[in-house]
Amino acid sequence: FPVTIPGPDYYSERGILWRNNFRYLTQSSSGNIVANYIYKDDMMDENRYSLAANDTTNITDNLQFSGTYNKVSDQDFLTDFSNENNAVAANTAILPRQGQLTYSTPHWNMMAQVSGYQVVNPELYLDNTPYEEMPQVVLDGQYPYLFDPFSFSSQISFTNFMKSIVSDSPTPVQGDRYTLEPQISLPMEKPYGYITPAVTVNMADYELTNTQANDLPDDSLTRAIPMFDVDSGLFFDRDMSAFGNTYKQTLEPRLFHLIS
């Protein structure tokens, strides 16, 4: 569990900024926490800080958690304490926060996550801020050669979109999205290449709120888009030698065509 303290950094008009970086690695988890803190900023007469943490944990062989959390005490922190090492951070408009669970089986993968953010750019208007996903759930199924020679796959998802309400700004549209995307494909593979035609239907349903305040005519929107695509490719390889060493040179051209 190494702990790095690269600071402190002294700012003549503000005081001492303490920096800390804590990293950890176990048999099932890894991550790090970066914290910066200044006690009683001389110019603002208040404590200020930033925190960035991320973690990846294997709960079981099939279940994994990953998370990211970022927070600053105020919108000006990154700008006030930027230097050549975090100039990119000083130009950051939002700080992401996300927690995700993934579960895998031989045929199905499940992902459930919540994601949000902290706005650190005071000039970022409500219309430009991204939506929070509270939550998003995705099921992805793969059944190769289920109806031999055809393969079947399907993706099902649910997402609840939320956006913070800010005074003196229009009430944002919010709501739920449901999607279903079944696909039947015909994989044809040879040692020298492959061609896979597939038929997919992309279906989605939106159940929205606050539509009238944003001049939208409907609270419910539905779409269904049939698609046909062909994915194909060829494999070329040869042995070659150069500078006394042997190599294998490969060329893999690919052609993909989609009609919807």
Side-chain angles (χ1 to χ4, degrees), residues 23 25 27-32 54-68 84-85 87-89 91-94 96 98 100-113 115 130 133 136-159 177 179-204 223-260:
R23 293 171 292 169
L25 176 64
Q27 290 184 343
S28 60
S29 299
S30 64
N32 73 293
N54 65 77
D55 174 83
T56 300
T57 299
N58 295 316
I59 302 173
T60 68
D61 290 341
N62 297 331
L63 183 62
Q64 184 183 75
F65 168 81
S66 62
T68 299
E84 67 275 12
N85 295 322
V88 174
N91 294 310
T92 299
I94 61 173
Q98 183 183 74
Q100 182 181 96
L101 282 173
T102 56
Y103 184 78
S104 302
T105 69
H107 292 291
W108 286 93
N109 294 319
M110 184 274 289
M111 185 275 292
Q113 73 173 13
S115 61
E133 298 174 346
Q136 181 185 40
V137 180
V138 179
L139 292 174
D140 192 357
Q142 302 285 338
Y143 286 86
Y145 305 106
L146 178 64
F147 311 105
D148 194 27
F150 295 95
S151 295
F152 174 78
S153 66
S154 181
Q155 185 180 90
I156 306 167
S157 73
F158 164 78
T159 308
R177 181 185 66 190
T179 68
L180 173 62
E181 190 173 274
Q183 179 186 86
I184 295 179
S185 60
L186 178 59
M188 293 175 283
E189 300 176 346
K190 297 293 183 180
Y192 52 81
Y194 67 93
I195 180 170
T196 305
V199 176
T200 308
V201 180
N202 184 299
M203 295 175 282
R223 75 157 190 259
I225 304 174
M227 299 182 292
F228 173 76
D229 67 77
V230 178
D231 189 8
S232 60
L234 293 172
F235 308 130
F236 301 95
D237 64 76
R238 66 171 184 173
D239 295 325
M240 60 174 293
S241 60
F243 306 106
N245 297 314
T246 58
Y247 302 92
K248 183 176 289 293
Q249 183 182 28
T250 62
L251 177 65
E252 299 182 4
R254 181 182 179 186
L255 178 64
F256 181 84
H257 184 66
L258 170 66
I259 301 174
S260 64

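No hydrogens, no waters, no symmetry mates; every other heavy atom, side chains included, goes into these values. Source: prediction; values computed, not measured.
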Does the plane of the ring in Phe235 sit parallel, tilted or perpendicular to the ring in Tyr194? Use 30° and 60° as the thresholds.
tilted
Applying salt bridge (Lys or Arg N to Asp or Glu O under 4.0 Å) to Arg254 and not counting sequence neighbours gives Asp231
Any donor-acceptor pair under 3.5 Å linking the side-chain atoms of Glu181 with those of Gln155?
no
When rounded to the nearest 0.5 angstrom, what distance separates OG in Ser29 from CD in Gln64?
9.5 Å
Heavy-atom side-chain proximity of Gln136 to Arg177 below 4.5 angstrom:
yes
Taking the side chain from His257 and the backbone from Asp229, do they hold a donor-acceptor pair closer than 3.5 Å?
no
Tell me every residue that passes side-chain hydrogen bond (donor to acceptor under 3.5 Å, both in side chains) with Ser157, counting only those two or more places apart in sequence or in another chain.
Thr179
Write out all pairs satisfying salt bridge (Lys or Arg N to Asp or Glu O under 4.0 Å) with one or both partners inside residues 232-244, taking only residues at least two apart or from two chains.
Asp237-Lys248, Asp239-Lys248
Specify the closest pair of heavy atoms between Ser154 and Trp108, including all atoms of both residues, with the distance to one decimal.
O-CZ3, 4.2 Å
When rounded to the nearest 0.5 Å, the distance separating CD of Gln113 from CD of Gln98 is 4.5 Å
side-chain hydrogen bond (donor to acceptor under 3.5 Å, both in side chains) involving Asp55 - partner list, sequence neighbours excluded
Tyr24, Thr57
Is the closest side-chain heavy-atom distance between Met227 and Ile225 below 4.5 Å?
yes
Taking the side chain as C-beta and beyond, is there a heavy-atom pair between Thr102 and Asn109 under 4.5 Å?
no
Does some side-chain heavy atom of Arg223 sit less than 4.5 Å from a side-chain heavy atom of Asn202?
yes
Scan the side chains in residues 144-152 for donor-acceptor partners under 3.5 Å anywhere in the protein, sequence neighbours excluded, and list what turns up.
{"from": "Ser151", "atom 1": "OG", "to": "Tyr145", "atom 2": "N", "distance (Å)": "2.8"}

Separation of Met240 CE from Asn245 CG (nearest 0.5 Å):
10.5 Å
Calculate, to the nearest 0.5 Å, the distance between atoms CE and OG belonging to Met111 and Ser104 respectively.
11.5 Å
Residue list, side-chain hydrogen bond (donor to acceptor under 3.5 Å, both in side chains) with Asn54, at least two apart or on another chain
Asn32
CG of Leu63 to OH of Tyr103, rounded to nearest 0.5 Å, is 7.5 Å
Does any donor atom in the side chain of Gln183 or Thr200 lie under 3.5 Å from an acceptor atom in the other side chain?
yes
Side-chain donor/acceptor of Ser185 to backbone N/O of Pro187, under 3.5 Å
no
Looking at side-chain heavy atoms only, is the closest gap between Pro182 and Met203 below 4.5 Å?
yes
To the nearest 0.5 angstrom, please state how far the OG1 atom of Thr196 sits from the CZ atom of Phe256.
10.0 Å
